[in-house]
Amino acid sequence: MTNFSRRNFLKTVGIGGAATVAGLGCAAPGGASSARGAHVVVVGGGSGGATAAKYLKRFSPDMDVTLIEPNATYHTCYGSNWVLGGHAQMDDIAQTYDALQSRHGVKVVQDSVTEIDPARRTVKTSSGSSMTYDRLVLSPGIDFRYDAVPGITAEDAERIPHAWKAGAQTVLLRRQLEAMPDGGVFVMVAPGNPFRCPPGPYERASMVAHYFKQAKPRSKIIILDNKENFSKQGLFMAGWEQHYGDMIEWVPSSRGGQVEEVDAANLTTISDGGFTTFKADVLNYIPPQTAGAIAMQTGLAGDGFWCPVNQMTFESSIHPGIHVIGDSSVAGAMPKSGHSANNQAKVAAAAISRELAGLEPLSPSTANTCYSLITPDHAISVAAVYTYKDGAMAGVAGAGGVSPADAPASVRQMEAIYTKGWYDGITGDIWG
């Protein structure tokens with residue numbers, strides 16, 4: 001992709017992507033009253049679910065919208081790497097649902113959905129309650145495939161954290177890094193494609209290196225990767241060399257990065273049929289991923305790991321009346337990121353509002369921006385614009401771009417400022 005002006009790009013698509021769906025929510029001539037009495041249930045209060053609930057009420061104020069989310073406070077996965085690097089605290093990535101209720105009129109139920117009946121259009125929760133819906137928006141995030149690699153189970157996450165769902169796991173991994181001796185080895189096993197937030201593991205390595213450089217300068221970071229390349233690879237590696245020397249070692253599949261087994265008791269990974277091993281003082285195993293558990297349980301992924309949808313509306317291709325958004329969905333060229341989920345939620349909300357008003361959906365355009373900190377003052381980014389074409393969300397040629405490889409330090413510093421601005425902007429758009 002071509003280089004671009006960050007400021008001009010944000011002016012074009014809006015910091016939270018709102019401009020890309022402007023006008024889609026005009027449910028009916030003269031207002032949205034035709035949605036009066038309709039009940040839409042949203043499952044999951046992350047970037048996708050919270051956005052969907054808010055914009056459903058914005059597009060159709062007379063609609064009844066219920067958001068079901070088990071946690072009173074939601075910690076964003078994006079930004080959690082900053083906590084691991086000591087650049088932020090958990091409170092800095094904490095979001096609540098107060099504004100959705102008081103400002104936007106969303107009914108928020110703190111509970112977990114245990115069963116969805118697509119035929120009866122009902123959901124049941126762990127508290128024993130049941131409710132019906134006219135439309136359901138499902139945004140359950142990700143779950144993990146611990147059965148993909150022998151030697152490690154979900155129970156081992158209490159000692160070998162993934163920290164890929166922000167919250168207690170983030171705190172646990174940070175404490176392990178703090179307790180690690182200077183000169184120790186932090187081994188991170190990166191997940192295979194597709195996975196939540198494509199550059200995430202590599203920003204994590206950067207932020208951990210930032211902490212080590214200050215507190216444990218003799219320590220080593222090893223990234224074991226079953227891939228031969230990754231997003232923004234050249235920019236990351238140049239930044240690592242500039243700021244951290246040889247502290248970070250990236251090991252691709254061809255050199256032993258394809259982990260075939262984990263010796264959880266000894267914090268050791270095994271590759272190449274047993275010929276290559278890596279012993280860690282702190283092991284961060286990020287498993288292969290799948291659609292959230294409730295989506296899998298409901299059969300929305302069919303025989304696969306992700307949920308196929310009509311990418312014009314994000315309505316399930318398997319169960320009508322259910323819209324699957326965010327990380328769990330198959331969304332064409334769009335990555336599994338918080339920004340993507342935010343955009344997809346607006347598309348789904350607009351489609352539902354129009355459908356309940358008896359109108360056809362409009363062809364959507366969306367966007368994604370992904371910032372990564374290499375140090376608190378050095379950031380890189382990639383952005384793209386997508387449009388619905390030939391049945392799928394496809395990238396728009398020539399739109400968006402990537403940080404220039406030859407940018408001076410002042411540009412990298414400005415990108416770091418934009419990173420924080422992006423975070424504040426998108427979380428305000430979602431939960432504000």
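Between W82 and Y423, a ring centre-to-centre spacing shorter than 6.0 Å is recorded.
Between the side chains of S353 and S60, at least one donor-acceptor pair of N or O atoms lies under 3.5 Å. N343 and T366 share no side-chain donor-acceptor pair at under 3.5 Å. Side-chain polar atoms of D64 and Y133 form no donor-acceptor pair below 3.5 angstrom. Using modelled atom types, one finds no donor on one side chain facing an acceptor on the other under 3.5 Å when comparing S206 with Y244. Side-chain contact check for S337 and N368: at least one donor-acceptor pair (N or O, by modelled atom type) lies under 3.5 Å. Side-chain N/O atoms of Q95 and T76 include no donor and acceptor closer than 3.5 Å.
Within the 4.5 Å cutoff, the side chain of P194 has heavy atoms near those of the K336 side chain. Annotation: side chain of S126 is in contact with side chain of D111 (closest heavy-atom distance under 4.5 Å). Side-chain contact between P252 and K227 is absent, with no heavy-atom pair separated by less than 4.5 Å. In this structure, the side chains of K124 and S129 stay at 4.5 Å or more apart for every pair of heavy atoms. Between I426 and Y78, some side-chain heavy-atom pair lies under the 4.5 Å cut-off. Proximity of V189 to N284: side-chain heavy atoms (C-beta onward) are nowhere separated by under 4.5 Å.
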Problem - D429/T51 under side-chain hydrogen bond (donor to acceptor under 3.5 Å, both in side chains): CA gap, chis, key distance, verdict - result: CA-CA 8 Å; D429 181 54; T51 301; 5.2 Å; no
Exercise for the section: Would you check, one step at a time, whether the test side-chain hydrogen bond (donor to acceptor under 3.5 Å, both in side chains) holds for D225 with Y202? Expected result: CA-CA 10 Å; D225 210 331; Y202 316 101; 2.4 Å; yes
Handout entry: Worked verdict on E178 versus Y211 for side-chain contact (heavy atoms from CB on, under 4.5 Å)
Key = CA-CA 9 Å; E178 291 173 335; Y211 168 63; 3.6 Å; yes
Exercise for the section: Go through the steps to decide whether S219 and M180 satisfy the test side-chain contact (heavy atoms from CB on, under 4.5 Å), and finish with yes or no. Expected result: CA-CA 9 Å; S219 298; M180 194 186 84; 3.4 Å; yes
Handout entry: Verdict with reasoning, T290 to D143, per side-chain hydrogen bond (donor to acceptor under 3.5 Å, both in side chains)
Key = CA-CA 5 Å; T290 181; D143 215 328; over 6 Å; no
Handout entry: Trace of the side-chain contact (heavy atoms from CB on, under 4.5 Å) decision for I248 with I221
Key = CA-CA 5 Å; I248 301 174; I221 297 169; 4.1 Å; yes
Handout entry: Pair T73-T96, side-chain hydrogen bond (donor to acceptor under 3.5 Å, both in side chains): steps then yes or no
Key = CA-CA 5 Å; T73 300; T96 69; over 6 Å; no
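Distance check: L267 CG to D281 CG gives 8.0 Å after rounding to the nearest 0.5 Å. Here the CE-OG distance, from M207 to S80, works out to 11.5 Å after rounding to the nearest 0.5 Å. Here CG of L84 is found 12.5 Å from CZ of R175. Values are rounded to the nearest 0.5 Å. In this structure, L356 CG and R36 CZ are separated by 14.0 Å, a value rounded to the nearest 0.5 Å. Taking NE2 of H339 as the reference point, atom OH of Y371 lies at 9.5 Å (rounded to 0.5 Å). Taking CD1 from I352 and CG from L56, the interatomic distance works out to 5.0 Å, rounded to the nearest 0.5 Å.
The shortest non-hydrogen separation linking I160 to L283 is CG2-O, 3.3 Å. The nearest pair of heavy atoms linking T369 to A383 is OG1-CB, 4.0 Å. Minimum interatomic distance between A331 and Q344 (heavy atoms only, all atoms of both residues): CB-NE2, 3.5 Å. Here the closest non-hydrogen pair linking H104 and G432 is NE2-O, 2.8 Å.
In this structure, T298 contributes its side chain and L300 its backbone to no donor-acceptor pair below 3.5 Å. For the pair Q297 (side chain) and T114 (backbone), a donor-acceptor distance under 3.5 Å is present. Checking side-chain atoms of K216 against main-chain N and O of A209 turns up no donor-acceptor pair under 3.5 Å. Side-chain atoms of Y97 come within 3.5 Å of backbone atoms of G45 as a donor-acceptor pair (strictly under, hydrogens ignored). Within the 3.5 Å criterion, the main-chain N or O of A379 finds no donor-acceptor partner in the side chain of Q413. When atom types are taken as modelled, the side chain of H39 and the backbone of M131 share no donor-acceptor pair closer than 3.5 angstrom. Proximity of a side-chain donor or acceptor of D424 to a complementary backbone N or O of G421 within less than 3.5 Å is not detected. Under the 3.5 Å distance criterion, the side-chain polar atoms of T125 are left unmatched by any main-chain donor or acceptor of V113. No donor-acceptor distance shorter than 3.5 angstrom exists from the side chain of K57 to the backbone of V65, with no hydrogens or angles considered. A donor-acceptor pair under 3.5 Å links the side-chain atoms of S139 to the main chain of G49, judged by distance alone.
In this structure E69 satisfies the side chain to side chain donor-acceptor pair (under 3.5 Å) test together with N71, sequence neighbours excluded. Legend: residues meeting salt bridge (charged side-chain N to carboxylate O under 4.0 Å, His left out) with K232, ordered by chain and number and at least two apart, are absent. In terms of the salt bridge (charged side-chain N to carboxylate O under 4.0 Å, His left out) criterion, R412 has no residue partners (sequence neighbours excluded). By the salt bridge (charged side-chain N to carboxylate O under 4.0 Å, His left out) test, D117 pairs with R120, sequence neighbours left out.
For the pair K54 and W431, the cation does not sit on the ring face, since its NZ or CZ is not both under 6.0 Å from the ring centre and inside 45° of the axis.
In this pair, F212 and F186 present their aromatic rings perpendicular. The plane angle is above 60°, beyond the 30 to 60° band. Aromatic ring pairs are classed by plane angle as parallel below 30°, tilted from 30° to 60° and perpendicular above 60°; the pair Y146 and F144 is perpendicular. In this structure, H378 and H243 have perpendicular ring planes: the angle between them is above 60°, well past the 30° mark. Ring-plane geometry between W250 and F230 is classed as perpendicular, the angle between the planes exceeding 60 degrees on a 0 to 90 degree scale with a lower cut at 30.
With a 6.0 Å radius and a threshold of 12 heavy atoms from other residues, nucleotides or ligands, E228 has its CD atom above the threshold. Residue E241 qualifies as open at atom CD: its count of foreign heavy atoms under 6.0 Å is 12 or below.
Applying the salt bridge (Lys or Arg N to Asp or Glu O under 4.0 Å) test to every pair with at least one member in residues 191-210, sequence neighbours left out, gives these pairs: R196-D327. Note on residues 309-322: pairs passing side-chain hydrogen bond (donor to acceptor under 3.5 Å, both in side chains), not counting sequence neighbours, are R135-E315.
A side-chain contact (heavy atoms from CB on, under 4.5 Å) with L67 is found for exactly one of V42, V40, V43, namely V42.
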